[in-house]
Number of protein chains: 2
Amino acid sequence: MTTTRSGRPALTRPDGTPLRVLVVDDDPDLAEVLTGALRYEGWEVRAAGDGASALAAARELLPDAVVLDVLLPDTDGFAVLRRLHEVKPDVCVLFLTARDAVEDRIAGITAGGDDYVTKPFSLEEVVARLRGLLRRAGMARQLEEGPRLVVGDLVMDEEAREVTRAGELIELSPTEFELLRFLMRNPRRVLSKAQILDRVWSYDFGGQAHVVELYISYLRKKLDAGRAPMIHTVRGAGYLLKPVLV
Amino acid sequence: MTTTRSGRPALTRPDGTPLRVLVVDDDPDLAEVLTGALRYEGWEVRAAGDGASALAAARELLPDAVVLDVLLPDTDGFAVLRRLHEVKPDVCVLFLTARDAVEDRIAGITAGGDDYVTKPFSLEEVVARLRGLLRRAGMARQLEEGPRLVVGDLVMDEEAREVTRAGELIELSPTEFELLRFLMRNPRRVLSKAQILDRVWSYDFGGQAHVVELYISYLRKKLDAGRAPMIHTVRGAGYLLKPVLV
DNA sequence: CGGCGGACTCAGAGGAAGCTCAGAGCGTTC
DNA sequence: GAACGCTCTGAGCTTCCTCTGAGTCCGCCG
């Protein structure tokens with residue numbers, strides 16, 4: 001079995017080949033960031049900058065999923081979506097859209113099983129949504145485990161957005177939730193504050209690493225209060241989530 | 001058993017193949033939205049833009065149901081209907097029609113067991129009507145369970161449009177009913193306001209998420225009044241319906 | 001042992017998200 | 001045409017979240 005830069009086994013389809021995703025965005029920087037993050041997660045990634053080349057790439061790659069900017073230089077999301085479905089009817093689509101975009105049209109677009117994320121987004125958000133889409137499509141073997149993340153006695157239900165430790169419900173704010181999700185998806189591994197900022201906060205967030213410390217502190221208060229700690233500081237390197245035993 | 005992107009088991013015919021539906025509408029955007037939504041619900045979907053190609057597709061697909069726009073560029077829905085019945089006599093038809101259309105003609109046609117929806121419609125509406133048609137026709141195995149949705153002590157009879165909690169009847173307006181139906185079809189899962197707008201409100205509704213909050217508030221007043229709450233707000237994410245226990 | 005930089009925590013400003021009330025518009029009914 | 005029910009808009013209010021700044025603590029190094 002192949003493994004990825006993240007250390008997790010590569011996502012594969014039922015026939016053993018890696019899951020394929022097409023990233024379509026006319027901002028090359030953003031496309032680059034997305035491509036990097038998804039490749040890191042074990043996807044086979046291709047990128048395109050406009051609708052026409054996206055369709056060409058789709059015909060060649062036959063992607064399992066597409067990350068698609070709604071505003072493209074040459075066409076709109078509806079047209080691309082229609083043509084994509086002609087090429088591959090069961091493709092999953094994750095739309096990227098500005099928060100203030102003409103939402104009435106967007107509204108209809110996502111009506112199927114597809115999903116969307118508003119800019120500016122965090123990479124964790126994109127990755128999580130994409131996993132959700134694929135899981136619901138029953139596409140990837142590894143994803144069929146279900147929407148639960150488990151580290152020791154800590155359990156996260158991503159669909160219900162519920163977190164429990166030792167069976168006890170823990171209430172989290174949106175940012176706390178995303179931070180913990182990132183930690184739980186990378187257990188027993190030191191994550192630097194820069195890495196955390198890149199993944200959990202929006203890509204246009206200009207803030208400082210101090211915010212990470214602050215939110216780690218929040219999480220500790222809620223997660224580790226009165227229990228054996230699961231979040232550990234590695235001075236000069238970052239943070240580490242691991243089960244109490246082992 | 002295969003599952004759909006909605007997470008529900010796929011609709012299948014008595015012989016195990018998925019239920020087949022043909023979508024006929026000359027607005028490609030609308031056809032795309034319908035196609036996506038129905039595919040998400042587990043249907044095998046084909047689309048056509050006019051009467052001639054609809055008949056061609058029908059001969060090939062032999063659909064169990066047809067979603068049929070009354071106003072087509074080359075002919076009208078009734079002519080198509082007649083020819084459809086020649087191709088497949090037991091096909092179920094759901095008409096799409098403008099509100100001010102000649103409703104008496106529709107009424108006559110639908111007397112035979114078919115049904116219709118006026119534009120603009122919500123996707124929940126279309127999906128529910130189609131399920132109703134098929135159930136009455138005794139076509140789908142999974143649909144024979146009956147028209148009841150149950151979450152905890154909350155029970156919805158979709159056919160009778162009756163809702164009870166702990167045996168007590170709860171009166172709901174049409175929009176409240178559809179909102180609750182959507183929630184009950186996705187229990188223990190956080191639904192974003194955008195998702196809710198997409199499914200419950202008409203596809204051309206330009207309004208804001210505020211309406212969802214308002215109707216959630218109505219529902220809570222009727223459903224949760226003086227009882228343990230079943231509708232939960234997940235700040236920054238959406239709403240969640242779950243039974244009181246567990 | 002003293003100083004320094006990294007890490008932690010608290011308090012609070014500012015803003016975002018959500019709730020509810022009141023009422024206008026509209027279609028239906030009698 | 002008056003009365004009703006339903007839907008949606010607007011505004012005020014509350015609650016909660018996020019981030020900044022400042023002070024403190026702690027480990028590490030000279």
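So that the names make sense, note that chain A is the first sequence line, chain B the second, and so on, each numbered from 1. Please read all numbers here as calculations on a predicted model, not as lab measurements.
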State whether [X] places a side-chain N or O below 4.0 Å from either non-bridging phosphate oxygen (OP1 or OP2) of [N].
| X | N | value |
| --- | --- | --- |
| B:Trp201 | D:dT7 | no |
| B:Ser217 | C:dC19 | no |
| A:Ser173 | D:dT18 | yes |
| A:Lys193 | C:dG6 | no |
| B:Arg235 | C:dA16 | no |
| B:Thr233 | C:dG18 | no |

Gap between atoms [atom1] and [atom2], on [X] and [N] respectively (whole Å):
| X | N | atom1 | atom2 | result |
| --- | --- | --- | --- | --- |
| A:His232 | D:dG27 | NE2 | C1' | 18 Å |
| B:Glu176 | D:dT7 | CD | P | 6 Å |
| A:Glu213 | D:dT24 | CD | P | 17 Å |
| A:Lys221 | D:dT18 | NZ | P | 14 Å |
| A:Lys222 | C:dT9 | NZ | P | 14 Å |
| B:Phe205 | D:dC8 | CZ | P | 5 Å |
| B:Ile231 | C:dC19 | CD1 | P | 10 Å |
| A:Asp224 | C:dC8 | CG | C1' | 14 Å |

Task: Donor-acceptor pair under 3.5 Å, B:Tyr218 side chain vs C:dC21 base - done: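 By the distance-only test, no, there is no pair.
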TODO: Describe the nucleic acid contact of A:Tyr239 in one word from base, sugar-phosphate, nothing, applying a heavy-atom distance below 4.0 Å.
DONE: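 Sugar-phosphate: the residue A:Tyr239, judged by heavy atoms under 4.0 Å, touches backbone atoms but no base.
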Open item on the list: Students often get this wrong, so: under 4.0 angstrom with heavy atoms, is A:Leu214 touching a base, only sugar-phosphate, or nothing?
Closed with: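 The answer is base, as A:Leu214 lies within the cut-off (heavy atoms under 4.0 Å) of a base atom.
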Open item on the list: Both A:Gln208 and B:Thr175 contact DNA chain D. Which one's nearest nucleotide lies toward the 5' end?
Closed with: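 Its nearest nucleotide being more 5', the pick is B:Thr175.
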Task: Contact nearer the 5' end of DNA chain D, comparing B:Leu172 with A:Tyr215 - done: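 Closest to the 5' end, via its nearest nucleotide, is B:Leu172.
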Task: Among D:dT20, C:dA7, C:dT20, the nucleotide that comes nearest once only the side chain of A:His210 is considered - done: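 For the A:His210 side chain, the nearest candidate turns out to be D:dT20.
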- [ ] Would you check if the side chain of A:Arg161 reaches a backbone N or O of A:Asp157 as a donor-acceptor pair within less than 3.5 Å?
- [x]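 Looks like no, no N/O pair under 3.5 Å.
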Task: Candidate list A:Glu178, A:Glu41, A:Glu125, test salt bridge (charged side-chain N to carboxylate O under 4.0 Å, His left out), partner A:Arg199, passing option - done: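 With A:Arg199 as partner, A:Glu178, A:Glu41, A:Glu125 yield a single salt bridge (charged side-chain N to carboxylate O under 4.0 Å, His left out), made by A:Glu41.
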- [ ] Determine, for A:Arg185 against A:Glu158, whether the closest basic-nitrogen to carboxylate-oxygen distance falls under 4.0 angstrom.
- [x]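 A salt bridge is absent here (no side-chain N lies under 4.0 Å from a carboxylate O).
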Open item on the list: Quick test of your reading of the model: are A:Lys222 and A:Glu171 salt-bridged, counting only N-O distances below 4.0 Å?
Closed with: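 No salt bridge links A:Lys222 with A:Glu171.
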Open item on the list: Going by side chain to side chain contact (heavy atoms under 4.5 Å, CB included), A:Val24 matches just one of A:Leu72, A:Leu96, A:Val67. Which one?
Closed with: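 The single option meeting the side chain to side chain contact (heavy atoms under 4.5 Å, CB included) with A:Val24 is A:Leu72.
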